[in-house]
4 protein chains.
Amino acid sequence: MTRRRSDTREQIRRVALELFAEQGYEKTSLREIAERLDVTKAALYYHFKTKEDIVASLFADFHAEAEELLEWARGQQPTPASRREFVRRYAEIIQGPGKEMLRFMQQNEPAVRDLKGGADLRARMQSFAEFLVDKETSLPDQIRARLSILTLHMTHFAMRDTDIDENELQDAALEVALDLIPDE
Amino acid sequence: MTRRRSDTREQIRRVALELFAEQGYEKTSLREIAERLDVTKAALYYHFKTKEDIVASLFADFHAEAEELLEWARGQQPTPASRREFVRRYAEIIQGPGKEMLRFMQQNEPAVRDLKGGADLRARMQSFAEFLVDKETSLPDQIRARLSILTLHMTHFAMRDTDIDENELQDAALEVALDLIPDE
Amino acid sequence: MTRRRSDTREQIRRVALELFAEQGYEKTSLREIAERLDVTKAALYYHFKTKEDIVASLFADFHAEAEELLEWARGQQPTPASRREFVRRYAEIIQGPGKEMLRFMQQNEPAVRDLKGGADLRARMQSFAEFLVDKETSLPDQIRARLSILTLHMTHFAMRDTDIDENELQDAALEVALDLIPDE
Amino acid sequence: MTRRRSDTREQIRRVALELFAEQGYEKTSLREIAERLDVTKAALYYHFKTKEDIVASLFADFHAEAEELLEWARGQQPTPASRREFVRRYAEIIQGPGKEMLRFMQQNEPAVRDLKGGADLRARMQSFAEFLVDKETSLPDQIRARLSILTLHMTHFAMRDTDIDENELQDAALEVALDLIPDE
DNA sequence: CATGAATGAGTATTCATTCAT
DNA sequence: AATGAATGAATACTCATTCAT
């Protein structure tokens, strides 16, 4: 059973992300990824130059979505309303397909930090913060703005020991996140 | 030149925590720890049975502090005031010597998760949450309570790209954390 | 210079058996095997999952020959004649390619005992004994039957300090072995 | 609780032999011996210069008993009767305290071979054979003589999968062994 | 588009041994 | 008579990577 052109490439990305998010970057070996897909390790090297490149390719996706969001933000006046809209849009991104990516980034800092593209992601987060608060805002409010983003990132993880419905949880997380944006 | 009794053991723990927090558990090899201390790898094995046991020993310290805090909490009525006091006390723990431990735990989830004692730590967090909110509380407030703890954990990390003074930051983080505990 | 397909695998088995028989399982390191073949240790791991698996693969061969012999035995009435034929056939196996395997098994009991497949081999020997003597036979004759097999196993070893020709020795060993099978 | 003078030395020998016979020489570490006796590894080094020396000391005991037996043999005319008496006396040695030693020697050839004193033991066996058969005896009878000794060595081991009483087994083994000594 | 075979550099761990106290 | 602390050399094994086919 042959695959459609570069179906394999997509499969590699999918499985890799799954495993990286679940077990961490270091603990996931190329052998493991290859075995899950029932191809050889060498096949991975046909599609990606290195292990790092697989991750870089995944980062790029997320990066693109973040960039698009920032593009939108650049066209907005930073008001409480537009800021809340920003949070809402970001929630949509990371509660959708970006969820696993996020988990990976959040729970594998030391690895992500020195991976190609890891620095960019951090810069992106910094840009988010800059849109969400004025430079002169009080320190607690600056923390709150960042916490707003983090709330979206972490809720799923922080509440994993409860048995609350995933959708309810996401809605509540968004509510809390919006609430952390200063009213002016 | 021999060291004082079990000085070495303490040094191993210190250096190990430093490196684990900085580079992650997997990326830190016993060779690296040994080299920093100018002893052989075998010396580490004289003091600890496995690499995992070094971490377990570090976890144990944190675990003990958390346990002490919970002991105190068990003697309290859960009121907004006592809950805030709880957060204050926890802040003292993790902004002190527990800071590196926290960073390690937060940024190396996949590794920590299957390390000896890792599960216990998570259970502890769960107990914290139980003291901080009533079961019937609204979902957003439940999230806020957990976020309160997370604020203390993450502020240093979330703000690392700014150049704000460490102490100011801790104070502001505590303020935000306290503010996330429901009023009534 | 690459080798023919799976030539290497066969070479590993050959050299490993040689060394295991000569120096014992524990004393033979994978480094040593690799060096003799002028490949890296990692190459061994390409062909076998573990050191134990190399042995297991060797055991399997011997196991197969033993099984074939037992298959034949199952089709026979156990008479003095068929029993002697059994001993003759067994002699052929172990005086041929099985010789080194035998030496290894005989002289490395503690190691063999807990290797994958080691238990099976022992069970096989037990089955041999069952074909060679009736359950009600006198104890000395039961011992003799087992000794018959052992004679074939051990003669080479027990006589190694003499300078008798190998073939003469094998013939004499067979004669002694056959003589130990009760006449009825 | 202190030990009597050099009680410890004896204990080390006892435990070491036990473990060497059970698990083999290589697989038995000094740590294991020390732990069983609840002393440190360094304590072993107070009593023996090396691991090999522990074995050498055990060999020496067996060696002495063998030497005594040979001393007796040297004073005898080699007749069928005296040869049978020799076998009887040897049986007494190795079915008594020498049993574990024998098991060790038999099942750890590669290790024993290069241990201090291992060569001597082999030479002793050679001397046994020389007393038991004339040089001009037929090859099969030479094999039988050696097999006679081997019978005593191996019976316990070769019959371990049956549930026959140990004493009965030893008696039967002696009977078979005696029977292997040529009549005239 | 992919495989089979291999490598080099690394990892955690174990062991016999030493020595100052 | 024994310990606590340490070493140096080894071991089995894993991993990301390469390349001819």
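Letters A, B, ... mirror the listed sequences (proteins, then strands); counts begin at 1.
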- To the nearest Å, how far apart are D/Leu30 CG and F/dT3 P? 14 Å

- Counting side-chain heavy atoms from C-beta on, which of F/dA6, F/dC13, E/dA16 comes nearest to D/Lys51? E/dA16

- Taking Watson-Crick and G-U wobble pairs with both distances under 3.5 Å, convert DNA chain E into its dot-bracket string, 5' to 3', dots for unpaired and | for cross-strand pairs. .||||||||||||||||||||

- Message: Do D/Glu100 and D/Glu18 have side chains that approach each other closer than 4.5 Å (heavy atoms only, starting at C-beta)?
- Response: yes

- Message: Taking only side-chain N and O atoms of B/His47, does any of them lie within less than 4.0 angstrom of OP1 or OP2 on F/dG4?
- Response: no

- Query: Considering only side-chain heavy atoms of A/Lys41, which listed nucleotide, F/dT17, E/dT3, E/dA16, is closest?
  - Reply: F/dT17

- Item | Out of F/dA6, F/dT7, F/dA12, whichever nucleotide has its closest atom nearest the side chain of B/Ala42 | F/dT7

- Message: I need the B/Glu65 CD to B/Arg124 CZ distance, nearest 0.5 Å.
- Response: 13.5 Å

- Message: If you only use heavy atoms from C-beta on, which nucleotide in E/dG4, F/dA16, E/dG10 is closest to the side chain of A/Ser29?
- Response: F/dA16

- Message: In whole Å, I'd like the distance from the CG atom of D/Asp7 to the C1' atom of F/dA2.
- Response: 15 Å

- When you measure from the side chain of C/Val39, which nucleotide among E/dT7, F/dT17, E/dT13 comes out closest? E/dT7

- Name the one of D/Glu52, D/Arg13, D/Lys116 that satisfies side chain to side chain donor-acceptor pair (under 3.5 Å) with D/Ser57? D/Arg13

- Query: Rounded to the nearest 0.5 Å, what separation is found between the CD atom of C/Glu32 and the NZ atom of C/Lys41?
  - Reply: 12.5 Å

- Task: For A/Met105 and A/Leu121, run side chain to side chain contact (heavy atoms under 4.5 Å, CB included): C-alpha distance rounded to whole Å, both residues' side-chain angles, the deciding distance at 0.1 Å, then the answer.
- Result: CA-CA 9 Å; A/Met105 284 167 52; A/Leu121 288 178; 3.6 Å; yes

- Message: Apply side chain to side chain donor-acceptor pair (under 3.5 Å) to residues A/Arg14 and A/Gln11 and explain how you reach the verdict.
- Response: CA-CA 5 Å; A/Arg14 185 180 49 75; A/Gln11 301 266 301; 3.3 Å; yes

- Item | Euclidean distance, atom CD of residue D/Glu26 to atom P of F/dA10 [Å, nearest integer] | 15 Å

- Given atom CD1 of D/Ile12 and atom P of F/dT3, what is their separation to the nearest angstrom? 10 Å

- Message: Which heavy atom of A/Ala16 sits nearest to which heavy atom of A/Ile54, and what is that distance?
- Response: CB-CG2, 3.7 Å

- Item | C/Tyr45 or B/Leu44, whichever maps to the more 5' nucleotide of DNA chain F | B/Leu44

- With DNA chain E as reference, determine whether C/Ala43 or D/Lys49 sits nearer its 5' end, using the nearest nucleotide of each. C/Ala43

- Task: Report the residue (D/Arg9 or C/Thr50) whose heavy-atom-nearest nucleotide on DNA chain F is the more 5′ of the two.
- Result: D/Arg9

- Message: Just so I know, are the side chains of B/Glu26 and A/Lys27 near enough to count as touching, which here means a heavy-atom distance under 4.5 Å?
- Response: yes

- Among E/dA6, E/dC1, F/dA5, which nucleotide sits nearest the side chain of C/Thr8? E/dA6

- Task: Whole angstrom is fine here: how far is it from NZ in C/Lys27 over to P in F/dA9?
- Result: 19 Å

- Task: Specify the separation, in whole Å, of atom CG of C/Leu37 and atom P of E/dA5.
- Result: 15 Å

- Task: Figure out the CZ/P separation between A/Arg31 and E/dG10, and round it to whole Å.
- Result: 21 Å

- Query: Do any side-chain nitrogens or oxygens of A/Tyr46 fall under 4.0 Å of OP1 or OP2 in E/dC1?
  - Reply: yes

- Distance, rounded to the nearest Å, where C/Glu10 contributes CD and E/dA5 contributes P: 13 Å

